[in-house]
Amino acid sequence: MKMSHLFAPTLREDPGEAEIVSHKLMLRAGMIRKLAAGVYSLLPLGLRVIQKVSNIIREELNRAGAQEIFLPVLLPSELWKETGRWDVYGKELFRVKDRHDREFCLGPTHEEIITDIARNNIRSYKQLPINLYQIQTKFRDEIRPRFGVMRSREFMMKDAYSFHATEECLQKEYKNMYDTYCRIFDRIGFKYKVVNADSGIMGGGFSQEYMVLADTGEEEIFYCEECAYAVSSEAKKSDNCPKCEGKSLNKTRGIEIGHIFQLGTKYSEGMKATYLDENNEEKPFIMGCYGIGVGRTAAAAIEQSHDKDGIIWPMAIAPYKVVIVPANSEDPEQMVMAKKIYGDLNHEETVLDDRPGRLGMKLKDADLIGFPIKVIIGKALKDGKIEIKLRKSGEVKLVEIGKIVEEINDLL
RNA sequence: CGGGGUGUAGCUUAGCUUGGUAGAGCGCCUGGUUUGGGACCAGGAGGUCGUAGGUUCGAAUCCUAUCACCCCGACCA
């Protein structure tokens with residue numbers, strides 16, 4: 001991609017509407033623009049990050065045996081009345097009527113719909129277990145949307161639902177999803193904790209939240225350095241770790257980006273969703289559900305990794321991995337070399353800053369957008385060398401022209 | 001929904017108290033000089049002052065209503 005062609009309207013100053021750093025930087029880097037409170041347009045850089053997060057989630061879930069589906073956003077009220085959530089969900093549910101005055105809502109989550117599919121299409125224990133997921137826009141009329149895409153009314157979410165014949169089978173899949181989520185967040189490069197949580201309106205039994213550690217996180221969490229134990233502030237019972245006796249708990253803040261639930265039979269009983277077991281007896285499905293906030297994951301990455309100059313993307317979800325910057329756009333030799341290197345690299349992950357203008361302006365934009373690798377073609381070219389500068393560490397390497405492509409590819 | 005606050009050019013904002021020509025910086029356009037961390041000079045475009053009423057000879061400024069947005073609280077990926 002050529003920078004002169006890329007639609008990334010960067011802002012030099014902080015927009016007044018943004019309070020937290022990820023919101024400010026997503027606006028300044030030209031990733032998002034607001035349409036209404038809690039409703040955001042994704043521009044090319046923002047969409048690319050969302051797609052990279054989605055792809056990692058998709059790869060790991062597929063590998064874990066889940067199957068991707070795509071459910072409607074527009075949902076008839078009948079299913080919601082079956083479980084009682086038409087009333088329980090309250091004002092947070094976006095309700096609409098069609099021309100015949102039939103009531104619908106815009107999907108905030110899809111337990112009812114997936115359970116309806118299961119009861120209509122799964123009859124035998126032999127068809128279990130199964131885990132179905134989708135990556136889709138969700139709607140929740142939040143009481144107070146805030147912090148950009150961190151808490152918006154329209155947002156991208158991955159939601160998965162599993163169906164089981166036995167409690168043991170649910171436990172096994174829950175553990176499978178637990179591990180899968182760890183792989184997903186490890187791949188992105190997060191520092192995170194898994195804490196026991198309140199299930200809220202989802203209901204059911206046990207649930208755990210994945211919290212990305214960041215000073216600006218909305219929730220206070222406590223964790224033990226010795227073992228994996230972590231807990232959110234409202235559930236904390238003592239100052240010491242219950243597993244490692246006497247060890248005191250450390251306090252930090254986190255952003256919830258994932259939540260896994262053991263639902264049990266709450267929805268299947270409410271909706272009479274049953275299968276026949278090996279004794280020809282009708283049994284309600286035992287269910288689990290597993291969510292990840294995709295947009296929030298991108299915002300959390302920025303909260304966790306940024307500096308005064310801008311975003312420091314982890315390699316795995318950077319919108320582009322490399323930017324090539326000729327120091328002087330009027331210098332023909334530098335431009336020829338920049339284009340040659342651009343030609344030798346993967347265009348899908350590389351931006352060539354071919355704009356006229358001074359080096360400082362281009363580097364400021366590059367640091368704001370957060371490309372992990374800057375390739376600067378400047379003064380050292382006379383000595384047959386090109387500069388590689390890493391966004392995260394600031395480390396600078398002078399590399400001989402002949403080795404530059406190999407060197408860059410080694411860093412990806 | 002309760003409490004607090006803000007709406008002036010694409011962005012950041014001055015002007016409002018005390019009514020009388022809408023101003024700046026950045027960005028944008030044209031020309032020139034520049035080119036290693038957001039350059040400089042010259043010229044230029046861009047404004048229903050959130051909206052609707054009212055007071056007044058005259059309203060960005062005063063009054064009323066209304067809308068939008070932001071922050072704190074309950075909710076959540």
Side-chain angles (χ1 to χ4, degrees), chain A residues 9-20 23-24 27-28 30 33-39 53 57 88-93 107-110 135-160 181 197-202 207-212 217-219 232 234 254-261 289-300 308-310 325-331 334-335 353 355-368 374 376-382 386-387 389 394 396:
Chain A
T10 56
L11 302 174
R12 190 179 286 228
E13 289 165 284
D14 282 337
E17 69 187 59
E19 193 74 12
I20 64 169
H23 190 193
K24 286 178 184 174
L27 286 165
R28 284 191 58 204
R33 285 295 182 265
K34 183 177 70 182
L35 182 61
V39 181
V53 172
I57 292 171
V88 173
Y89 223 103
K91 289 187 173 177
E92 214 173 303
L93 202 57
T109 179
H110 280 73
I135 298 173
Q136 184 200 51
T137 300
K138 294 284 193 272
F139 293 83
R140 293 182 190 177
D141 196 358
E142 292 283 343
I143 297 167
R144 188 153 84 85
R146 54 178 154 173
F147 302 148
V149 301
M150 196 68 87
R151 181 199 302 280
S152 52
R153 296 191 294 173
E154 175 180 330
F155 60 98
M156 194 78 77
M157 179 167 137
K158 186 284 296 179
D159 47 326
Y181 272 38
D198 191 0
S199 296
I201 200 163
M202 294 302 167
S207 82
Q208 288 169 301
E209 292 173 347
Y210 286 73
M211 310 286 292
V212 167
E218 288 192 76
E219 296 195 42
S232 59
E234 64 266 34
I255 300 164
E256 181 190 351
I257 55 168
H259 202 155
I260 55 178
F261 300 81
C289 79
Y290 320 90
I292 295 178
V294 179
R296 185 180 283 185
T297 296
K308 64 176 173 48
D309 294 314
V325 186
N328 182 347
S329 57
E330 297 293 302
D331 184 322
Q334 289 183 13
M335 285 308 289
D353 196 341
R355 296 175 298 176
R358 312 188 121 210
L359 179 64
M361 179 272 290
K362 297 181 207 172
L363 293 180
K364 286 289 183 187
D365 265 350
D367 287 345
L368 175 60
K374 292 190 287 283
I376 302 164
I377 298 158
K379 286 175 176 168
L381 187 63
K382 291 195 297 292
I386 287 165
E387 189 176 318
K389 189 165 185 181
V396 176

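Per chain, numbering begins at 1; letters A, B, ... match sequence-line order.
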ask   = What is the distance, rounded to the nearest whole Å, between atom CD of A:Glu17 and atom C1' of B:rU6?
value = 12 Å

key: C1'-based separation of B:rU56 from B:rG19 [nearest Å]   = 9 Å

message = I want to verify a distance call: between B:rA77, B:rC11, B:rC70, whose nearest atom is closest to the A:Glu256 side chain?
response = B:rA77

query = With pairs taken as Watson-Crick or G-U wobble and both distances under 3.5 angstrom, which stems of at least three consecutive pairs involve RNA chain B?
reply = B:1-7 with B:67-73, B:10-13 with B:23-26, B:28-33 with B:39-44, B:50-54 with B:62-66

key: Those residues that, when tested against A:Arg358, pass salt bridge (charged side-chain N to carboxylate O under 4.0 Å, His left out) (two or more places apart)   = none

key: Expected output: side-chain A:Lys362 to main-chain A:Arg355 donor-acceptor under 3.5 Å   = yes

ask   = To the nearest 0.5 Å, what is the distance between CD (A:Gln334) and NZ (A:Lys379)?
value = 10.0 Å

ask   = How many Å lie between CE on A:Met150 and P on B:rC70, as a whole number?
value = 15 Å

Please set out all donor-acceptor pairs under 3.5 angstrom arising from side-chain atoms of residues 12-20 of chain A, sequence neighbours excluded.
none

key: Between B:rG53 and B:rA60 - P atom distance, rounded Å   = 14 Å

note = Whole-Å distance, A:Glu19 CD to B:rC72 P, equals 7 Å

message = Under 4.0 Å, heavy atoms only, any strand: does A:Ile292 hit a base, just the sugar-phosphate, or nothing?
response = nothing

note = Side-chain atoms of A:Arg140 come closest, of B:rA77, B:rC71, B:rG25, to B:rA77

key: C1' atoms of B:rG5 and B:rC28, separation to the nearest Å   = 32 Å

ask   = Which sits closer to the 5' end of RNA chain B, A:Glu92 or A:Arg144, going by the nucleotide each is nearest to?
value = A:Arg144

Distance in angstrom units between A:Asp14 CG and B:rU12 P, rounded = 9 Å

ask   = For A:Arg146 and A:Arg144, which heavy atoms make the closest approach, and how far apart are they?
value = NH1-NH2, 2.9 Å

ask   = Which value, in whole Å, describes the distance between the C1' atoms of nucleotides B:rA39 and B:rC26?
value = 14 Å

remark   = A:Arg33 atom CZ is separated from B:rC69 atom P, nearest whole Å, by 17 Å

query = When the P atoms of B:rG50 and B:rA68 are considered, how many whole Å apart are they?
reply = 16 Å

query = Quick one: side chain to side chain contact (heavy atoms under 4.5 Å, CB included) partners of A:Glu154, sequence neighbours excluded?
reply = A:Val39, A:Thr137, A:Phe139

remark   = Considering only heavy side-chain atoms of A:Glu13, the closest of B:rC76, B:rC11, B:rG73 is B:rC11

query = How close or far is atom P of B:rG10 from atom CG of A:Leu27, stated in whole angstroms?
reply = 17 Å

task = Identify the heavy atoms of A:Phe261 and A:Tyr290 that sit nearest to each other, and give their distance.
result = O-CE2, 4.1 Å

note = Sequence neighbours excluded, the answer for salt bridge (charged side-chain N to carboxylate O under 4.0 Å, His left out) partners of A:Arg33 is none

key: B:rA22 to B:rA59 separation - C1' atoms, rounded to the nearest Å   = 13 Å

ask   = Taking CD from A:Glu218 and C1' from B:rC72, how many angstroms apart are they, rounded to a whole number?
value = 12 Å

request  = Go through the N and O atoms of the side chain of A:Arg153 and the base of B:rC76, and report whether any donor-acceptor pair is under 3.5 Å.
outcome  = no

task = Sticking with atom C1', work out how far B:rU51 lies from B:rU6, rounded to a whole angstrom.
result = 16 Å

key: Upstream residue (5' side of RNA chain B) when A:Ala36 and A:Tyr210 are each assigned their closest nucleotide   = A:Ala36

ask   = Do any N or O atoms from the side chain of A:Arg28 and from the backbone of A:Thr10 form a donor-acceptor pair under 3.5 angstrom?
value = no

inquiry  = Between B:rA52 and B:rC67, how far apart are the two C1' atoms, rounded to whole Å?
reply    = 10 Å

task = Keeping the roles fixed (side chain from A:Arg296, backbone from A:Glu256), state whether a donor-acceptor pair exists under 3.5 Å.
result = yes

inquiry  = Output one letter per nucleotide in nucleotides 27-38 of chain B: B when a protein non-hydrogen atom lies under 4.0 Å from the base, S when only the sugar-phosphate is that close, - when neither is.
reply    = S------BBBBB

task = Applying side chain to side chain donor-acceptor pair (under 3.5 Å) between A:Asp159 and each of A:Lys138, A:His259, A:Gln136, report the one that passes.
result = A:Lys138

query = NZ of A:Lys34 versus C1' of B:rA68: gap in Å, rounded?
reply = 9 Å

